[in-house]
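Note: hydrogens, waters and symmetry copies are ignored here, and every other heavy atom, side chains too, is used. In each ligand, atom 1 is the first atom listed, and ligand 1 is the first ligand listed. Position 1 is the first residue of the sequence; numbering continues from there.
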Amino acid sequence: MSVRFDPVTRRLSLDPRDPAFYHDPYAAYAAVLSHTPVAYWEELGCWCFFGFEEVNRLLRDRRFGREILHVATREELGWPAPLPHTRHFDEVDAHSLLEREPPVHTRLRALVSRAFVSRRVEALRPIIEELANDLVDAFPKEPFDLITRYATPIPVRIIARMLGVPYEMAPQLLAWSHDMVAMYGVGRTYEVETRADQAAAEFAAYIRRLVDERRASPGDDLLSVLIAAEEEGETLSEAELVSTAILLLNAGHEATVHALGNAVHAVLRHGVPMDRIVHDDAAMSRLVEESLRFVPPLHLFKRYVLADTDESGIALAKGEQIALVLGATGRDTRIHDAPDALLPERAQPLHTSFGAGIHFCVGAPLARLELQCALRVLFRRCPELILTGTPHPKDSWHFHGLDALFVKA
Ligand code: HEM
């Protein structure tokens, strides 16, 4: 892997598609952070912030936003016309809470947040534990892939259940979601775009059919709650309802699968003694935070500059993008001692793995509960769990995880 950095111009050259980088990006982050918390990354074509203080602050800074078209036109930004072959994807994206700024974001977020209050999330604990135990019961005697048999089904089935999507749809949800999130990777191709568009069209059509069914016979699921909000005139349009359901179904598993896979891998590779931790809720919660700091699943999010401004001595123009490297912040030596060690007893494992500010992950309480339950059940039931073979890292950087993690129980 070649990392070149010029301390005078703060220009960084590093190919994000180089497997040596995305298999283990932390050495490159450390190399950058040893010089500077902010650099112009040539291959990404934008200023990137790596330091904990900077990322944590800028995520909350209203000079930057996920949306720009509310304060600028496409012509002003020099953007080309929307692509016809991504219109279904763009339609879903355009109404997604993640892609909006206030006041639309505030309204959508308030509706969704109700579903994730701690009381509702906590009620899922026995369901997650039962599911985790059922999955362990089905582990084979020979080595198997933990991502397929454990890390994937837990978050997928739980979020499907929350939304009231039948369990048999899980494989289809995964396929649609994978095709859609590929749009956020580096080096997007025409093929990636057309697949994502088709997935978005099919997913939206499916959700519309489900909405019609739930309108006729409402349940106690989140989709029925959102439909009621729409019908009671709480200003949720049908397009927003569809986008919100798709966002929750996708975001509800993509990152958690990898957070869980990464955590199990880190625990096994670093030989963390789990016998005491699995019987101590506070210790388990600390281990989960430490693993989110140490091996976070999402490494990069971007923001638009909403008006000309100056930040860290850099002149930023309205409409340009900056990148916040969430994956680097937990390794910042300015706030952590021994950041490259996985220390389950670390008093304050600070990280930005769930973001910060108005877009802070709405599913964080659910993700934390899933991680705690899944790790507890796994290591209680399989105290002899060992790695067999070398894990297969995913062919991506933004979504940092493993395609497969072979273990023996
Ligand atoms: C370990 C697992 C997870 C991680 C690391 C994670 C991380 C994140 C991050 C970093 C953001 C902010 C993105 C930004 O600022 O641009 C975010 C937003 C979001 N996440 Fe998560 N997430 C996880 C699990 C979940 C789950 C389980 C759900 C849903 C059930 C969920 C739903 C969402 C939603 C809806 C947003 C958008 C919030 C907004 O824009 O206001 N996430 N997540």
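Proximity of A259 to ligand 1, defined as any heavy-atom pair under 4.0 Å, is confined to the side chain (atoms from C-beta onward). Contacts of H105 with ligand 1, taken as heavy-atom pairs under 4.0 Å, involve the side chain alone. Only side-chain heavy atoms of I159 come within less than 4.0 Å of ligand 1; its backbone N, CA, C and O stay farther off. With a 4.0 Å cut-off on non-hydrogen atoms, R66 touches ligand 1 through its side chain and not its backbone. Counting heavy atoms closer than 4.0 Å to ligand 1, residue P297 contributes side-chain atoms (C-beta onward) but none from N, CA, C or O. The part of R109 lying near ligand 1 is the side chain, judged by heavy-atom distances below 4.0 Å. The part of L298 lying near ligand 1 is the side chain, judged by heavy-atom distances below 4.0 Å. Under 4.0 Å from ligand 1, heavy atoms of F354 appear from its side chain as well as its backbone.
Judged purely by distance below 3.5 Å, without hydrogens or angles, the side chains of T36 and R10 never pair a donor atom with an acceptor atom. Using a 3.5 Å distance cut-off with no hydrogens or angles, the side chains of D197 and T194 do not pair a donor with an acceptor. Under the 3.5 Å distance criterion, with hydrogens and angles disregarded, a donor-acceptor pair is assigned to the side chains of E254 and H178.
Near L247, meaning under 4.0 Å from any of its heavy atoms, are these atoms of ligand 1: 35 (C). Near A367, meaning under 4.0 Å from any of its heavy atoms, are these atoms of ligand 1: 1 (C), 2 (C), 24 (C). Within ligand 1, the atoms closer than 4.0 Å to a non-hydrogen atom of T256 are 2 (C), 24 (C), 27 (C), numbered from 1 in the order shown. Ligand-side atoms of ligand 1 in range of I358: 41 (O), range being under 4.0 angstrom from any heavy atom. Each of the atoms 10 (C) of ligand 1 lies under 4.0 Å from some heavy atom of L326.
Below 30°, between 30° and 60°, or above 60°: for F139 and F144 the angle between ring planes is between 30° and 60°, a tilted geometry. Aromatic ring orientation, Y26 versus F294: parallel (interplanar angle below 30°, classes split at 30° and 60°).
Summary of contacts: the protein heavy atom closest to atom 5 (C) of ligand 1 is S353 O, 3.4 Å. Nearest protein heavy-atom neighbour of atom 40 (O) of ligand 1: H359 ND1, 2.6 Å. Annotation: atom 36 (C) of ligand 1 to nearest protein heavy atom, V362 N, 4.3 Å. In this structure, atom 29 (C) of ligand 1 lies nearest to the protein heavy atom G252 CA, 3.6 Å. Atom 37 (C) of ligand 1 has L98 CD1, 3.7 Å as its closest protein atom, hydrogens excluded (heavy atom only). Looking at atom 32 (C) of ligand 1, its nearest protein heavy atom turns out to be A251 CB, 3.5 Å. Distance from atom 23 (C) of ligand 1 to its nearest protein heavy atom, with residue and atom name: C361 SG, 3.6 Å.
Relative to the ring axis of F52, R57 does not place its NZ or CZ within 45° and under 6.0 Å from the centre. In this structure, R331 fails the cation-pi test against Y29, since its NZ or CZ atom is not both closer than 6.0 Å to the six-membered ring centre and inside 45 degrees of the ring normal.
Residue L324 places every heavy atom at 4.0 Å or more from ligand 1. Residue R303 places a heavy atom less than 4.0 Å from ligand 1.
Between Y22 and H299, a ring centre-to-centre spacing not shorter than 6.0 Å is recorded.
Nearest-heavy-atom check against atom 28 (C) of ligand 1 across P296, G363, S291 picks out G363. The heavy atom nearest to atom 4 (C) of ligand 1, out of those in A255, A356, G355, P365, is found in A255.
When all heavy atoms of T388 and V407 are compared, the pair lying nearest together is OG1-N, 3.6 Å. Between R74 and A81 the shortest heavy-atom distance is NH2-C, 4.2 Å.
For the atom pair CZ (R214) and OG (S224), the distance works out to 5.5 Å, reported to the nearest 0.5 Å.
Look at E191 and R195 and you find a salt bridge, because one of the NZ, NE, NH1 or NH2 atoms lies within 4.0 Å of a carboxylate O, short of that distance. Salt bridge R276/E345: present, at least one basic N to carboxylate O contact under 4.0 Å. Of the charged side-chain nitrogens involved, at least one lies within less than 4.0 Å of a carboxylate oxygen, so that R62 and E101 count as a salt-bridged pair.
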